[in-house]
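Fair warning: this is a prediction, and the values are worked out from it, not measured in the lab.
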2 protein chains.
Amino acid sequence: MTSEFDLICIGSGPSGLRAAIQASKLGKKVAIIEKYKFVGGICLHAGTIPSKTFREAILSKVSKNKKIHRYAGYSFQKFFKRVQKIVNDEVNVNNDQLSRNGIKVIYGEASFKNKNEIIIKSGKDTREIKSEFFLISVGTQSNKPNYYNKNNPHVILSDDIFSLKTIPNSISIIGCGVIGIEYASMFSKLGIKVTLIDGRHRPLEFLDSEIVDELIYQMRKSGVEFKLGEKVKDVLLDKKGEMNIRIDLECGKKIHSQLAITCVGRVGYTSNLNLESINVNLDSRGRIIVNHDFQTSCPNVYSAGDVIGFPSLAATSFEQGRLVALNIFNKNYHKMSANFPVGVYSVPEVSMVGETEQSLTKNKIPYEIGIARYKEISRGIILGDINGLLKMIIHRETKKILGVHIVGESATELIHIGQCVMELDGDLNYFLKSVFNYPTLAECYKVAALDADNKLKI
Amino acid sequence: MTSEFDLICIGSGPSGLRAAIQASKLGKKVAIIEKYKFVGGICLHAGTIPSKTFREAILSKVSKNKKIHRYAGYSFQKFFKRVQKIVNDEVNVNNDQLSRNGIKVIYGEASFKNKNEIIIKSGKDTREIKSEFFLISVGTQSNKPNYYNKNNPHVILSDDIFSLKTIPNSISIIGCGVIGIEYASMFSKLGIKVTLIDGRHRPLEFLDSEIVDELIYQMRKSGVEFKLGEKVKDVLLDKKGEMNIRIDLECGKKIHSQLAITCVGRVGYTSNLNLESINVNLDSRGRIIVNHDFQTSCPNVYSAGDVIGFPSLAATSFEQGRLVALNIFNKNYHKMSANFPVGVYSVPEVSMVGETEQSLTKNKIPYEIGIARYKEISRGIILGDINGLLKMIIHRETKKILGVHIVGESATELIHIGQCVMELDGDLNYFLKSVFNYPTLAECYKVAALDADNKLKI
């Protein structure tokens, strides 16, 4: 059988895009199938990029040291205008990259006919294309709880936030995952009353627990109310003054707000792909199960990005896509490093690399910690971020860095210094001996290292 | 001879402070002599900290994407209020550290009686103290050109900027070193007309030349006028409307402005130390000549910080002070790494580590460069800093990182990632294989690495 293509990527988000570009650079014939009108995936159109642009717009409007402004009733589209421009710019950048690399983009919805052939539907047109390899990079969509109803404009999915017309004066956010936490912290900075509800007793359990405590503390200070360990029974239309919505909790409490946003998990966008026909295994949330090489249970079909689950970050999806292409075509393949950073773009932002205190304790690995608070650092004082915190976890015997955890301004940038020392096998001495620009937040590494060093001497 | 002290540090700036703390942690008896009423040195009272706080105040007032505001006539003290609070906080932090470590602080002016004894004058009091070792960490002061006259309030030294009452509508800055460049770029962001004058044809020649070009380009766009290769003949009082000052250049041009600030180099604060008596050698600008171990020509007397010249950065001074104490008392001494970062807190900020293209070309080391512009990076687009630039210099054969140069937002923070890879002997592959948080400015490293990798394949 001769195939038209060496690789077809279904979905043009970070992993599909990067796999296509990498394969094309290796001289392969590549196509991308995109069901929407634009390339970029959820990252570009409803996820990472719009939410981070929205976040930046909020932070530039709400000066960190001043009283919180009230933006209720303000046009959401004013914030969104800048988002739309940036999204368009990014779409153009992506299109340029695709055409420069000779990658064919086919708009339409794909489903598998067999393991080497897909059917693409676009309006009334249908076509079939063959490829030796496939990458399923279709992403995820918001899970729709039973109280969700498309015709009720006051209960929306997190994917639909950017179609809001005005900023409500109160929001209930159901679901305390990364997306729920990020939006809750952003809206609260606009002076909106935000209530966060989750059946779990702790949010973001993959993060170090002290960092989560600090984040919750700061979000509460910004006005977010946490209802943890509380299950939602129903969400009802119940107009009272400016309130539209009533959330009934199982314990009997009722929460009123103008808008409810549900962020209760995401499910794989896989239902229309006809994956049964090629025996690709899925988990209970429609996500694709892969091995360490991102290979599905159908050997010539790979999968990467959000649709394969944790960590579901644009950054890791890019790298997964690149590795898939290298792996399929046997070029300089390497496994993905375990030292990848995780970033949560809440306000304050959070980032981590490596192990948490909890995972080390569980695995009985002896460690010591070093802590630096931004308020001890000149740059922190100058910026006025006195709540920021950097925690370094060091192996008691080898002095290797086991993990770094940061909450506060620039956390997602600063984490890369710790990541680098971990990946290049440096240890505590690196931080003790290095010169850091003064004043910078990066000095936290030095202060935390000195703190750990003092403790290790005891 | 028994000495009262093991080490006396003359001057309580970064190097004196850190040497004293390190020696005290080694169990030594230590004193600091400070001629002013507060510890901290020029870094804290007229240099790094006030200027960086002033910079932050300007940036938070002048939104990056909007038309530049005019602040002429505005109270300088309003900006300064925050500076004063932060300086006070830092003084308290320093005092805490000193007393926690049992370090004696003696206020007064020191001069050497002999190599183991100093005389301290404080008002009418005089006392003598002995010590086995000394560290001269007295810093530098603004050089006073012949046209400078203390009684003319319209021509000031860079050390005196923070005693200004109001913000002038036009400033001539004489001297294009780091200090001149930093203040010129800050004032121009306030909408002040700034003219920068220097006899040299290029400013900041220790930086990579492409980065300087970008900095000059951006400063010109902010309204700074550069008069390079122009020698100042005289500065005269010449009141005309709002203008107070006329600068006559040797070529015959005349420049009018409300205020002139001279930043024409700095001289060692050494004239009253009676260094002749102990044979400590000085250079032509009164700075102390030391060997690689920061030892002067008098073996028990060391010197560190600005008073020994380049790089004259608070960050390197801290480390020099620490190394002096370790060296004197023979504990874990190591030489200072050559991979220290240099930061220029101009707007935009600049930072570098390692070699420049110019130094490598001179030494005939074959290299390739990789460039990432902030405008190619999602985070750069979101922040609206589309002029930022990261340049990585890679050895053509070994693929080692020889230097990193950044101009743009967060340059002084981002540089530490490159520094870490250089110091821990990583190479281009580190950046090709690592995952970076998305969206971050740190992604520039990946983009620059891919750029270099493509060029290296040709």
Flag for A/Asn94-A/Glu90: side-chain donor and acceptor within less than 3.5 Å: no
Heavy-atom pairs under 4.5 Å with chain A: which of [options] has the most?
options: B/Ala442, B/Ser434, B/Gly418; result: B/Ala442
options: B/Asp89, B/Val93, B/Val342, B/Asn339; result: B/Val342
options: B/Asn437, B/Thr48, B/Val435; result: B/Asn437
options: B/Thr53, B/Thr412, B/Val83; result: B/Thr412
options: B/Gly343, B/Pro341, B/Ser337; result: B/Pro341

Are the side chains of [X] and [Y] in touch, meaning some heavy atoms are under 4.5 Å apart?
X: B/Tyr374; Y: B/Ile386; value: no
X: B/Val350; Y: B/Ile406; value: no
X: B/Gln97; Y: B/Ile21; value: yes

Region of [X] that comes under 4.5 Å of a non-hydrogen atom in chain A:
X: B/Leu323; result: neither
X: B/Tyr445; result: neither
X: B/Val353; result: neither
X: B/Leu326; result: neither
X: B/Glu376; result: neither
X: B/Phe436; result: both
X: B/Ser317; result: neither
X: B/Leu441; result: both
X: B/Val421; result: both

Quick one: which of [options] has the most heavy-atom pairs under 4.5 Å with chain B, could you say?
options: A/Ile49, A/Asp425, A/Thr316, A/Leu414; answer: A/Ile49
options: A/Glu413, A/Lys85, A/Glu423; answer: A/Glu413
options: A/Gln419, A/Lys25, A/Glu443; answer: A/Gln419

Nearest atoms (heavy-atom pairs only) where A/Phe206 meets A/Met352: O-SD, 3.6 Å
Atom pair OG (B/Ser351) and NE2 (B/His416), whose distance is rounded to the nearest 0.5 Å: 6.5 Å
From B/Ile179 atom CD1 to B/Ser51 atom OG, the distance as rounded to the nearest 0.5 Å: 8.0 Å
Are any of the side-chain nitrogens in [X] or [Y] under 4.0 Å away from the carboxylate oxygens of its partner?
X: A/Glu182; Y: A/Arg55; value: no
X: A/Glu409; Y: A/Arg379; value: no
X: B/Glu319; Y: A/Lys446; value: yes

Among B/Tyr345, B/Phe318, B/Phe340, the one residue meeting ring pair (Phe, Tyr, Trp, His ring centres under 6.0 Å) with A/Tyr438: B/Phe318
